[in-house]
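Here is how names work: the chains are called A, B, and so on, in the same order as the sequence lines, proteins then strands, and each is numbered from 1. In this text the structure is predicted, and so the values were computed from the model without any measurement.
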2 protein chains.
Amino acid sequence: MVTINDIAKKAGVAKSTVSRYLNNGSVSLDTRRKIEKIIEETGYSPNNFARSLKAQKTNMIGVMIPRLNSASTNEVLEGIDEMTRKLGYQLIITNSDQNNEREYENIQTLAKQKVEGVIMFARELTPTHIETVSKTQTPFLFIGQKAEGIHSIIHQDYQAGSKIGAYALELGHRHFLYVGVPETDRAVGVDRRQGFIDAVRPVNGTIVEMIETDFSRTSAYQKALKFLPEMEATYVVCATDNIAVAVLKAAKELGYSIPEDFSLSGFGGYEATAYVSPTITTVSYPFREMGIEAVNKLVRLIGKEEVPYISEMSNELVINQSTDFFEKK
Amino acid sequence: MVTINDIAKKAGVAKSTVSRYLNNGSVSLDTRRKIEKIIEETGYSPNNFARSLKAQKTNMIGVMIPRLNSASTNEVLEGIDEMTRKLGYQLIITNSDQNNEREYENIQTLAKQKVEGVIMFARELTPTHIETVSKTQTPFLFIGQKAEGIHSIIHQDYQAGSKIGAYALELGHRHFLYVGVPETDRAVGVDRRQGFIDAVRPVNGTIVEMIETDFSRTSAYQKALKFLPEMEATYVVCATDNIAVAVLKAAKELGYSIPEDFSLSGFGGYEATAYVSPTITTVSYPFREMGIEAVNKLVRLIGKEEVPYISEMSNELVINQSTDFFEKK
DNA sequence: CTATGTAGAGGAACCGGTTCTGTTAAGTAG
DNA sequence: CTACTTAACAGAACCGGTTCCTCTACATAG
């Protein structure tokens, strides 16, 4: 491998001069040209490790994601990718497979790699998470969940829940089934649901039944095959679009028509909701923008600027074909 | 930041001793314990850059992907992720947004980062690609396309096309519409289609019409809205599952029933084909396994082992609801 | 003409590790 | 008791850069 010493020798100058050429300047036109030519010939490119070692700066940003095959995660990632490239950062992505142990591990691995900051897609946050993060000196940003003393960007999940609730009431529905996810995920499992509940409860005679599943389509599908036949609700609120898509599949296979037999909605605004039929009513989240915002915030954090602890992303109700007025039969 | 020097000083030994403690051994039990204790207290962890600088080894593998929101890419990535973790490598993922310029750039960036090897999801391969890759000394592996002199793992696209062709003939279809993608993607745009054509052509009286679109669902959807009304084919072969899903959506909106009005199939075996209705017949590709295989191959390449230039992954016809016998009306 | 400032360049120190060389003390063989 | 090994460790060199310090030559001001 060709190093700065080789260049210096061939150019007949000190390596500090080559370094100056590469960085600040203050090199005469003559030497500048000589060095330029030799670098061209040899195809030299400085060793990043040596650089980082001296500069104590790596130009890397770490991203921790819980799984690779998630539509929402990928959209946020796109935003992150776009923004980090613009700012000249390299991305190191680590995947935890939704496994807490692995997340603790990854937090440390990234810190060891001396990334300048970490964006972590948070699912459930345990005290160990917080502790592990606090131990590292690395700037950290959570996406999707908030935690005391750590910066984060979250969705307005409570408001999203409210929007669905208000909309469903408007349609005349009073009997709901909420297909939720575990409460360990506060944002999705608790806030989103609570927003819905608080929206519909004030109305006399509303009933909200609940069922819990996980984030995978297959589980939701299996459960739906069981609960749908004995369901009395006229509106099924699914905690994510994936769950909604899975429930829809089960419903069709069981012979139900949607929205005639019951209404159905999700959360997220994934592309999939537009490619099934009926298309699914949902609340659209600004994932890509969230990624961009995340990088902006992290960079300011890295620069030791004062940044508000919590940023919230708004969202928007998207009415599709899967929801309709409740009509008394 | 605490360094090996700090540890050495506190333990009253030379830093070489600490280094030996961290690596080989040959440290007395006494000093071993002293060092251990101090490392524990200080939370010291060696600087990877300094290490890599000396060792000329980075333990990093670069991955280049064309886009983040691709189901197939993500499945392969999962395999890669699983395997690299097992082998103790760090993953650097770069995204090119399907832009050739960006791909050239990324090839060089990764080489500069001194990754030990690169796995590149290839779409179209230009001479510049090949040239840029050859210039780097880094072991390279292409996924999805083959190129002279560069190692690669590909799907048996021609065979996949044949399988669909044979199956469609069996069902009695003779008039086909092939919804393809540009030929710049040799594997998908040429081989896959050619496999299909070669399979159906020997039968007298078959007609294959062709239409071209790109890989996005929206484009395929727009095009389908136009070509479906004037189509005479009884079987629509889509070059990817995404295209198939989009055509299905358009078909439904136009009031067609599938497979009654025409049959429809894709390629890939994405999850989405199982969550629309009718479920879509497809050829299932072993994406995850491909990722695992890719890492295995790359690692052997890094180790300077002899490795065959091309590895092929097999695939499997999956018959779903979107295809049925041709019945003369 | 002398004093002062400045551009350009070389040399050395440094970043935080690993590894090679050399030294010492203790153990073992003869 | 002497000669030879060897375990344990210190010290220095090195990896490939950046940066600080110093020196020289030349230009400019007074």
Report task. Describe the nucleic acid contact of A:Val13 in one word from base, sugar-phosphate, nothing, applying a heavy-atom distance below 4.0 Å. Result -> sugar-phosphate
Report task. Side chain of B:Val27 only, please: which of D:dG17, C:dG10, D:dC9 is the nearest? Result -> D:dC9
Query raised in the report: Looking only at side-chain N and O atoms, does A:Asn5 come under 4.0 Å of OP1 or OP2 in D:dG16?
Result: no
Report task. Give a yes or no on whether a donor-acceptor pair under 3.5 Å exists between the nucleobase atoms of C:dG17, that is its base, and the side chain of B:Lys15. Result -> yes
Query raised in the report: Could one point to a donor on the side chain of A:Ser19 or the base of D:dG17 with an acceptor on the other under 3.5 Å away?
Result: no
Report task. Classify the angle between the aromatic ring planes of A:Tyr285 and A:His155 as parallel (below 30°), tilted (30 to 60°) or perpendicular (above 60°). Result -> tilted
Query - Atom-to-atom span, NZ of B:Lys54 to C1' of C:dC15 - whole angstrom - result: 14 Å
Report summary line: Taken to the nearest whole Å, NZ/A:Lys57 to C1'/D:dG17 is 16 Å
Query raised in the report: Which sits closer to the 5' end of DNA chain D, A:Ser16 or B:Ser28, going by the nucleotide each is nearest to?
Result: B:Ser28
Query raised in the report: The side chain of B:Arg20 lies closest to which of these nucleotides: C:dC15, C:dA9, D:dA10?
Result: D:dA10
Query raised in the report: Nearest of D:dG16, D:dT18, C:dG16 to any side-chain atom of A:Met1?
Result: D:dG16
Report task. Write down the distance between CZ (A:Arg32) and C1' (C:dA9), rounded to a whole number of angstrom. Result -> 13 Å
Report task. Please determine if a side-chain N or O atom of A:Gln56 lies less than 4.0 Å away from the OP1 or OP2 oxygen of C:dG16. Result -> yes
Query - Distance in angstrom units between B:Asp30 CG and D:dA7 P, rounded - result: 18 Å
Report summary line: When rounded to whole Å, the CD1 to P distance for the pair B:Ile4 and C:dG16 reads 11 Å
Query raised in the report: Going by an N to O cut-off under 4.0 Å, is there a salt bridge joining B:Glu78 and B:Arg288?
Result: yes
Report task. Measure from CD1 on A:Ile7 to C1' on D:dT18 and round the result to the nearest Å. Result -> 16 Å
Requested in this report: Check every strand shown and say whether B:Ser52 touches a base, only sugar-phosphate, or nothing at a heavy-atom separation below 4.0 Å.
Outcome: nothing
Query raised in the report: Quick one: is D:dA10 close enough that its OP1 or OP2 comes under 4.0 Å of any side-chain N or O from B:Thr17?
Result: yes
Query - Full working for salt bridge (Lys or Arg N to Asp or Glu O under 4.0 Å) between A:Lys86 and A:Glu82 - result: CA-CA 6 Å; A:Lys86 259 190 209 158; A:Glu82 181 188 328; 3.7 Å; yes
Query raised in the report: Quick one: does A:Gln156's side chain get under 4.5 Å of A:Met313's, heavy atoms only?
Result: no
**Report entry** Integer-rounded Å distance: C:dG16 P and B:Tyr44 OH
**Finding:** 10 Å
Query - Salt bridge flag under 4.0 Å for residues B:Asp81 and B:Arg85 - result: yes
Report summary line: Of C:dG17, D:dG16, C:dG10, the nucleotide closest to the side chain of A:Ala14 is C:dG10
Query raised in the report: How would you label the contact of A:Asn48 with the nucleic acid (heavy atoms, under 4.0 Å): base, sugar-phosphate, or nothing?
Result: nothing
Query raised in the report: So does B:Asn47 get a side-chain nitrogen or oxygen closer than 4.0 Å to the phosphate oxygens (OP1/OP2) of C:dG17?
Result: no
Query raised in the report: Tell me: CZ of B:Phe49 to C1' of D:dC14, nearest whole Å?
Result: 19 Å
Query raised in the report: Reckon A:Tyr21 touches a base, only the sugar-phosphate, or nothing at all at heavy-atom distances under 4.0 Å?
Result: nothing
Query raised in the report: Would one find a side-chain N or O of B:Arg51 under 4.0 angstrom from OP1 or OP2 of C:dT18?
Result: yes
Query raised in the report: Where the side chain of A:Thr58 meets the backbone of A:Lys114, is there a donor-acceptor pair that is under 3.5 Å apart?
Result: yes
